[in-house]
Amino acid sequence: MGDFNNYGGTDEENSEIARLTADVEADTDNFENWEKLIRACESLDGGLNRNSSPQALATLRNSYDRFLLKFPLLFGYWKKYADLEFNIAGPESAEIVYERGCASITNSVDLWTEYCSFKMETTHIPHLIPRPSSHAAILSCDAARGPPAEPSKRYFEPSTLSTWLFERAATHIGLDFLSHPFWDKYLEYETRQEAHDKIFDILKRVIHIPMHQYARYYERFRQLAHTRPLEELVSAEELARYRAEVEDEAVHLGLQKTELEVERDIRGKIDQFFYLTFQNTQTETTKRWTYEAEIKRPYFHVTELDHSQLANWRKYLDFEEAEGDYNRIVVLYERCMVTCALYDEMWFRYARWMAGQEGKEEEVRNIYLRAATLFVPISRPGIRLQFAYFEEVNDRVDRARAIHEAVLDILPDSVETIVSWANLERRQAGLDAAIEVLRAQIASPSVSIYTKAACVTEWATLLWKVKGSVDEARAAFSKDADAYADSRHFWQQWFDFELQQPTNSEMETKHLELVKRVFTQMCTKSRLSLSIKQELGRIYMNYLQNRGGKEAMKDFLDVDRQMFGPRSVSLAANAKDGKENGVVPELDPTSRLKAEGRFYNYYELHADPDENAQGLADFN
């Protein structure tokens, strides 16, 4: 081989895979780069098969594993991976991939149906399941159904094995509006087994489910019902009630009916009962049809959805929540979270709804975990901070701290996260602990000067509003005025602090001096743009008008001239002279953007969605 890493191909192939791997690692969110890498790995060695080199097979598996860890909702790629493993290593390896896929996207009708079909075609001999080494995913996937029996004691005939798999699938996708391919496959399997009683049981379940193509299941059920014993149609109690009704009607009419006639009349009543079931299912299906028809992309993709699609999901969820069936609501939310996985709005909604259900702490935690660890980019930390608040409420303060730390490891300049963490410590351990968080960020070399400025203002605010020490807060601002002179946030917060101090007629002169001091320092020390200084100047001028004394309007006119006068007499002229003399170098565009930016938290930016918005809905 050449100088390139050995990926199991020629030097040219290895070079290409090394390049594509570097592209992927440079931008792990770039879906197209991942697809190129997967295609290159699949074409190694002239197309991979069971005779390919171990290096080439390891390269393929490593790429698929990393790709599907990053994008676990791509059911088509799970199917493709399983097919590759079947061709390379046989059914057991393919089954492991199917298990992993179904654990990652538990509500995929397509993937579960493919898995069941795969087991129908490859299960020919009895064997033990699950093996702990190769089927660990089964345990996590079926956790809600309780622990399975000891693996060494579970022995299945082939038919029992597949039925067990179909029933697992039914718990995850059976209520899906588009689950008919799965139910068709289940019925096909039992038809192969000539298990007419099980076919009837399946149909008896399906006719209650509002779903696409519901009517044909009822027709088949009705045909089979005429051939099944009465005891299979309804419970013993219901059968006894129907028999009593038929016999009472006969006595009332003075008729003596044979057993065959009694059975015929009972079947008529049962048929009418199931017809009412059909009508109810029809009604429920029709209610949902409007929303279902508007779903244009029912699968996951990394591209944005149209605003109209998000609006339809909101309306559909509103409808299902109003209907009040917990299981159906969860099924719809899970479908929504596949299509809308990259929209934190939907994760917030799902978590809030689940939190409103009694005894669902673990379910809520699972929603937050999925959002935070798999889908919502860390560049939007709101859902992670909400997760931290949830853990704090549930007495898992260390987890809440860890979430904040994890965000700051990746986003050291997330002011929202720093302030949130400081207040977490204030609530749990007191003011000193909160200040320690801020002090650590200010001392950190990975934190920008503008973020440090925000930390200082938060520190001063805590001294003022929590400790109640105005003098200490003012000292915190004053001490760092030179270091953070280019931060718009710093001056804004210091201005607000001074303006909010209580005064009276005797103190007003002193108060004016303090406010003027902040404004003067901002004008002389900072390199903020004139527009920002004008914005702060308007606040000062308003203060002079409304609260100033006899001499206040002189200052007012001076500020007016400096801020809004022609260049020859304004701050703009002074700034120009300073630059030309090399005294005050101008901020570069990147630094200026940071210096003059505002810091917001999630709720400050939150707004109700515009249901009439058009075009693509940005993830941010």
Side-chain angles (χ1 to χ4, degrees), residues 107 109-110 112-113 167 169-187 199-226 228 230 232-235 237-239 241-242 245 265-298 308-340 346 349-350 353-354 356-357 611:
N107 64 327
V109 174
D110 298 281
W112 276 108
T113 303
E167 284 301 315
T171 63
H172 293 292
I173 61 173
L175 294 180
D176 195 294
F177 191 85
L178 298 176
S179 61
H180 56 279
F182 163 74
W183 291 113
D184 288 345
K185 184 61 65 175
Y186 198 173
L187 290 167
I199 293 171
F200 184 73
D201 287 341
I202 293 170
L203 291 169
K204 192 174 179 180
R205 292 161 64 184
V206 173
I207 63 171
H208 292 271
I209 302 173
M211 61 188 295
H212 188 56
Q213 301 187 13
Y214 66 96
R216 63 183 175 87
Y217 294 107
Y218 172 72
E219 290 301 327
R220 186 173 178 184
F221 168 81
R222 192 180 185 195
Q223 292 171 5
L224 278 179
H226 294 306
R228 307 306 300 172
L230 290 175
E232 289 186 14
L233 300 181
V234 292
S235 67
E237 293 78 9
E238 290 173 315
L239 182 59
R241 178 169 59 82
Y242 286 133
E245 288 177 4
D265 291 348
I266 292 174
R267 285 187 181 276
K269 289 182 175 293
I270 293 175
D271 186 64
Q272 180 62 27
F273 167 76
F274 282 116
Y275 181 69
L276 293 175
T277 298
F278 165 73
Q279 288 183 313
N280 181 67
T281 302
Q282 184 178 53
T283 299
E284 295 301 313
T285 301
T286 302
K287 287 179 184 177
R288 292 162 176 82
W289 198 270
T290 301
Y291 306 108
E292 291 288 341
E294 292 298 318
I295 298 175
K296 308 303 181 187
R297 195 176 83 186
S308 60
Q309 290 290 288
L310 289 178
N312 184 61
W313 279 112
R314 295 184 198 107
K315 292 174 184 176
Y316 200 174
L317 290 166
D318 287 342
F319 161 78
E320 207 64 78
E321 288 174 14
E323 291 292 294
D325 185 318
Y326 174 83
N327 291 326
R328 293 207 63 84
I329 297 170
V330 170
V331 166
L332 186 61
Y333 264 112
E334 289 297 333
R335 284 180 64 195
C336 175
M337 299 325 302
V338 171
T339 302
C340 307
M346 293 303 186
R349 174 170 179 153
Y350 192 8
W353 175 81
M354 187 64 77
Q357 315 309 306
E611 299 299 336

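All figures in this text were calculated on a predicted structure; none of them were measured in a lab.
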Looking at [X] and [Y], would you say the former's side chain and the latter's main chain have a donor-acceptor pair under 3.5 Å?
X      : Y      : result
Asn107 : His172 : no
Lys204 : Leu233 : yes
Gln309 : Lys296 : yes
Lys287 : Phe319 : no

Are any of the side-chain nitrogens in [X] or [Y] under 4.0 Å away from the carboxylate oxygens of its partner?
X      : Y      : answer
Arg349 : Glu321 : yes
Glu245 : Lys269 : yes
Arg222 : Glu219 : no
Arg288 : Glu284 : yes

State, to 0.1 Å, how close [X] and [Y] come at their nearest heavy-atom pair, and which atoms those are.
X      : Y      : result
Ser179 : Gly174 : OG-O, 3.3 Å
Ile270 : Val234 : CD1-CG2, 4.0 Å
Val109 : Leu178 : CG1-O, 3.7 Å
Asp325 : Asn327 : OD1-N, 3.1 Å
Asp176 : Met211 : O-CB, 4.2 Å
His180 : Tyr217 : O-OH, 3.1 Å

Distance check, rounded to the nearest 0.5 Å: [X] atom [atom1] versus [Y] atom [atom2]?
X      : Y      : atom1 : atom2 : value
Arg335 : Leu317 : CZ    : CG    : 10.0 Å
Tyr242 : Ile266 : OH    : CD1   : 10.5 Å
Thr281 : Ile209 : OG1   : CD1   : 8.5 Å
Leu276 : Gln272 : CG    : CD    : 5.0 Å
Cys336 : Asn312 : SG    : CG    : 10.0 Å
Asn280 : Phe274 : CG    : CZ    : 13.0 Å

Quiz item: What residues, two or more places apart in sequence or in another chain, satisfy side-chain hydrogen bond (donor to acceptor under 3.5 Å, both in side chains) together with Trp313?
Solution: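 Scan of Trp313 (side-chain hydrogen bond (donor to acceptor under 3.5 Å, both in side chains), adjacent residues dropped) gives none.
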
Quiz prompt | Check: Tyr214 ring centre within less than 6.0 Å of Trp183 ring centre | solution =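 No, the ring of Tyr214 stays outside the 6.0 Å limit from the ring of Trp183, centre to centre.
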
Quiz item: What about Trp353 and Tyr333, are their ring centers closer than 6.0 Å?
Solution: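 Yes, the ring of Trp353 comes within the 6.0 Å limit of the ring of Tyr333, centre to centre.
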
Exercise. Side-chain contact test, heavy atoms from C-beta onward, threshold under 4.5 Å: evaluate it for Tyr316 versus Thr290 and give yes or no.
Key: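 The answer is no; the side chains never approach within 4.5 Å.
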
Quiz item: Going by heavy atoms in the side chains, are Thr339 and Met346 under 4.5 Å from each other?
Solution: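 No, side chains not in contact.
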
Exercise. Indicate the ring-plane relationship of Tyr218 and Phe278, choosing parallel, tilted or perpendicular according to the 30° and 60° boundaries.
Key: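 Ring orientation of Tyr218 relative to Phe278: parallel.
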
Self-check item: For Glu294, salt bridge (Lys or Arg N to Asp or Glu O under 4.0 Å) partners two or more places apart
Solution: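 Salt bridge (Lys or Arg N to Asp or Glu O under 4.0 Å) list for Glu294, sorted by chain: empty.
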
Exercise. Evaluate whether atom OH of Tyr326 has more than 12 neighbouring non-hydrogen atoms of other residues, nucleotides or ligands under 6.0 angstrom away.
Key: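 Enclosed.
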
Quiz item: Among pairs that include at least one residue of residues 178-187, which meet salt bridge (charged side-chain N to carboxylate O under 4.0 Å, His left out), considering only residues two or more places apart or in two chains?
Solution: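 Pairs touching residues 178-187 that pass the test: Asp184-Arg216, Lys185-Glu188.
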
Quiz item: Does the pair Arg220 and Leu187 meet the rule for a side chain to side chain contact (heavy atoms under 4.5 Å, CB included), with working shown?
Solution: CA-CA 11 Å; Arg220 186 173 178 184; Leu187 290 167; 3.8 Å; yes

